[in-house]
Number of protein chains: 2
Amino acid sequence: MTTQSRSPSGYATWRLIAEELRREIVGGARAAGAKLPPEGELAERFGVHRNTVRQAVAALAAEHLVVSRRGSGTYVAEHTVLVHRIGARTRLSDSLGSRGNASRRLLASAVEPEPPAEVTERLALGGGAGLRLETVVSVDGLPISRGTHWFAADRVPGLAERFDATGSITAALRTVGIDDYIRAATTVSARHASAAEAADLSLTAGSVVLVTRSLDTLTDGTPLQLGITRFVAARVELDVGHPDLDLDGSA
Amino acid sequence: MTTQSRSPSGYATWRLIAEELRREIVGGARAAGAKLPPEGELAERFGVHRNTVRQAVAALAAEHLVVSRRGSGTYVAEHTVLVHRIGARTRLSDSLGSRGNASRRLLASAVEPEPPAEVTERLALGGGAGLRLETVVSVDGLPISRGTHWFAADRVPGLAERFDATGSITAALRTVGIDDYIRAATTVSARHASAAEAADLSLTAGSVVLVTRSLDTLTDGTPLQLGITRFVAARVELDVGHPDLDLDGSA
DNA sequence: TCAAGTTGTCCAGCTATCTAGACAACTTGA
DNA sequence: TCAAGTTGTCTAGATAGCTGGACAACTTGA
């Protein structure tokens with residue numbers, strides 16, 4: 001009997017151990033390719049049975065953060081954190097640019113006659129309908145973010161179809177005559193993923209998501225897009241950069 | 001037997017329910033003062049026994065997010081989210097300004113002869129020692145953030161003592177002759193809190209923290225401070241604002 | 001070739017968690 | 001004043017999930 005209080009509330013011990021190991025890995029204390037201590041040693045360190053450690057390691061292996069090789073050991077896998085730059089000319093496609101196989105997929109789109117109050121207000125819809133796009137961005141097959149994008153329906157006719165074809169919001173907007181837009185405001189928060197979000201992003205329940213709420217405007221200040229994006233916290237980091245150095249935009 | 005898979009992995013069902021309710025509350029779907037559905041109704045909705053719902057509600061009550069009144073019901077408590085603005089002139093004290101009882105406390109300070117590589121590099125220490133401050137900021141007695149601040153030890157003599165006295169980094173820096181500094185870079189990520197962080201911030205294990213890594217420089221570009229701040233995600237939101245509008249600073 | 005080290009698999013027992021039901025205490029509105 | 005509605009408390013039982021130990025399968029280096 002280890003006398004350790006086990007899970008005092010709500011979290012299985014193996015999950016707490018998994019999170020601890022994850023912090024060590026993504027925090028940089030364990031480099032890619034490095035070998036983890038043997039399970040027996042970890043078990044001793046955390047004061048639990050080896051099977052409990054195994055369950056934690058299995059969870060990390062399931063998300064491809066580590067790879068176990070029988071007879072040899074468990075190794076930290078190659079894992080890249082996508083750095084997404086947020087600035088006046090923020091385009092997710094720019095952050096994805098250098099990456100392999102980035103794909104943006106349209107989950108659903110709908111014209112909403114009566115959008116939520118926040119949307120109506122910030123997009124200055126004034127009673128008009130809103131267009132809602134639900135998207136998922138993946139890199140190398142791994143989902144990165146889950147976005148909800150609101151537009152004034154009458155300002156962007158056919159946008160959903162265009163987006164579905166091009167896979168890019170910037171490109172789709174160009175086909176409706178909008179060549180430029182500017183990020184006017186962004187707020188960042190974080191929370192546990194909901195069950196639905198976890199499903200869309202191939203996460204286990206309880207994973208952490210970074211949530212941005214952003215407003216894009218045309219160059220004359222007209223509100224264009226209200227976006228709520230949920231990034232997989234384990235795979236994405238936001239770079240706020242330095243405002244003064246950010247006047248030119250990206251690329 | 002409800003056949004529902006319970007916690008497929010690592011999370012007690014009552015905790016998943018608590019997180020779900022929390023999202024509804026802080027997401028704005030339930031306003032302060034609003035009454036939650038009766039426990040029996042929630043139990044039916046989630047497909048569990050009322051006792052399980054009670055445990056979830058008790059967890060939310062423990063963090064003062066809801067208040068239960070016997071015979072009457074459970075109500076959403078007053079809860080404010082601190083909005084912290086991040087810009088060229090970022091000072092946490094500015095975001096705290098309008099709040100009641102904000103206090104900044106020094107947990108520990110130490111001169112480290114050999115700081116981590118990242119610190120040595122980004123602060124351009126070149127072999128010199130680093131000064132590390134560990135702080136906690138609270139508002140109305142509730143911890144808001146947990147910061148680790150690195151300085152070049154020889155550039156800020158006596159800073160720790162000064163900070164301890166004034167409770168403000170900006171003020172403490174002034175006493176060593178540094179009147180102005182600029183936020184040069186900030187990255188934002190999120191993850192589960194470690195056990196130590198949870199303890200410092202009065203959180204239950206498994207809570208979410210927003211993590212910022214920031215570099216402040218003097219006006220001539222000399223690196224001044226490297227900060228790693230862990231914000232309680234449930235109580236703080238970051239406002240990145242719009243770079244172009246942010247040239248003047250705050251207040 | 002072999003010994004040491006490591007992960008994979010299995011099974012049995014224990015325990016925390018969830019389920020279940022009943023009743024008390026209290027509030028609210030008719 | 002009273003009935004309906006709601007939260008608080010308690011007890012007991014079922015079971016999913018965690019613990020613990022033993023051994024097999026495999027890798028590595030001497």
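Keep in mind that the numbers below use all heavy atoms, side chains included, and drop hydrogens, waters and symmetry copies. A note on names: the letters A, B, ... follow the listed sequences, proteins ahead of strands, and every chain is numbered from 1.
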Compile the donor-acceptor pairs under 3.5 Å between side chains in residues 125-135 of chain A and protein atoms, sequence neighbours left out, one pair per line.
| unit_1 | atom_1 | unit_2 | atom_2 | d |
| --- | --- | --- | --- | --- |
| A:Arg132 | NE | A:Glu134 | OE2 | 2.7 |
| A:Arg132 | NH1 | A:Glu112 | OE2 | 2.0 |
| A:Glu134 | OE1 | A:Arg146 | NH1 | 2.8 |
| A:Glu134 | OE1 | A:Arg146 | NH2 | 3.0 |
| A:Glu134 | OE1 | A:Thr148 | OG1 | 2.8 |
| A:Thr135 | OG1 | A:His149 | NE2 | 3.1 |

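Applying the side-chain contact (heavy atoms from CB on, under 4.5 Å) rule to B:Thr52 yields the partners B:Thr13, B:Trp14, B:Ile17, B:Val48, B:His49; only residues at least two apart in sequence or on another chain are considered. Residues passing the side chain to side chain donor-acceptor pair (under 3.5 Å) test with A:Ser207 are A:Thr204, sequence neighbours excluded. With sequence neighbours left out, the side chain to side chain donor-acceptor pair (under 3.5 Å) criterion links A:Thr229 to no other residue. Taking the side-chain contact (heavy atoms from CB on, under 4.5 Å) definition, one finds that B:Pro116 meets it with B:Val119, B:Trp150, sequence neighbours left out. Residues meeting the side-chain contact (heavy atoms from CB on, under 4.5 Å) test with B:Arg69, sequence neighbours left out: B:Val67, B:Ser72, B:Tyr75. With sequence neighbours excluded, the residues that form a side chain to side chain donor-acceptor pair (under 3.5 Å) with B:Glu39 are B:Arg50, B:Arg54.
Under the salt bridge (Lys or Arg N to Asp or Glu O under 4.0 Å) criterion, the residue pairs touching residues 17-26 of chain A are A:Arg15-A:Glu19, A:Glu19-A:Arg22, A:Glu20-A:Arg23, A:Glu20-A:Arg45, A:Arg22-A:Glu63, A:Glu24-A:Arg30, A:Glu24-A:Arg45, with sequence neighbours excluded.
In DNA chain C, runs of at least 3 stacked Watson-Crick or G-U pairs (N1-N3 plus N6-O4 or O6-N4, or N1-O2 plus O6-N3, all under 3.5 Å) give these stems: C:1-30 with D:1-30.
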Close N or O pairs between protein and nucleotides 10-14 of chain D (under 3.5 Å):
none

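Nearest to the side-chain atoms of A:His49 among the listed nucleotides C:dT7, D:dG20, C:dC18 stands D:dG20.
Residues from residues 54-73 of chain A placing a heavy atom under 4.0 Å of any atom in DNA chain D, listed by number, are A:Gln55, A:Arg70, A:Gly71, A:Ser72. Heavy-atom distances under 4.0 Å link DNA chain D to B:Lys35, B:Pro38, B:Glu39 of residues 31-39 of chain B, given in residue order.
Atom pair B:Glu44:CD and C:dA20:P shows a separation of 13 Å (rounding to whole Å applied). Atom OH in B:Tyr11 sits roughly 17 Å away from atom C1' in D:dC18 (whole-Å rounding).
A distance-only check finds no donor-acceptor pair linking the side chain of A:Arg105 to the backbone of A:Gly167 [under 3.5 Å].
Between A:His192 and B:His192, the ring planes are tilted. Angles from 30° to 60° get that label.
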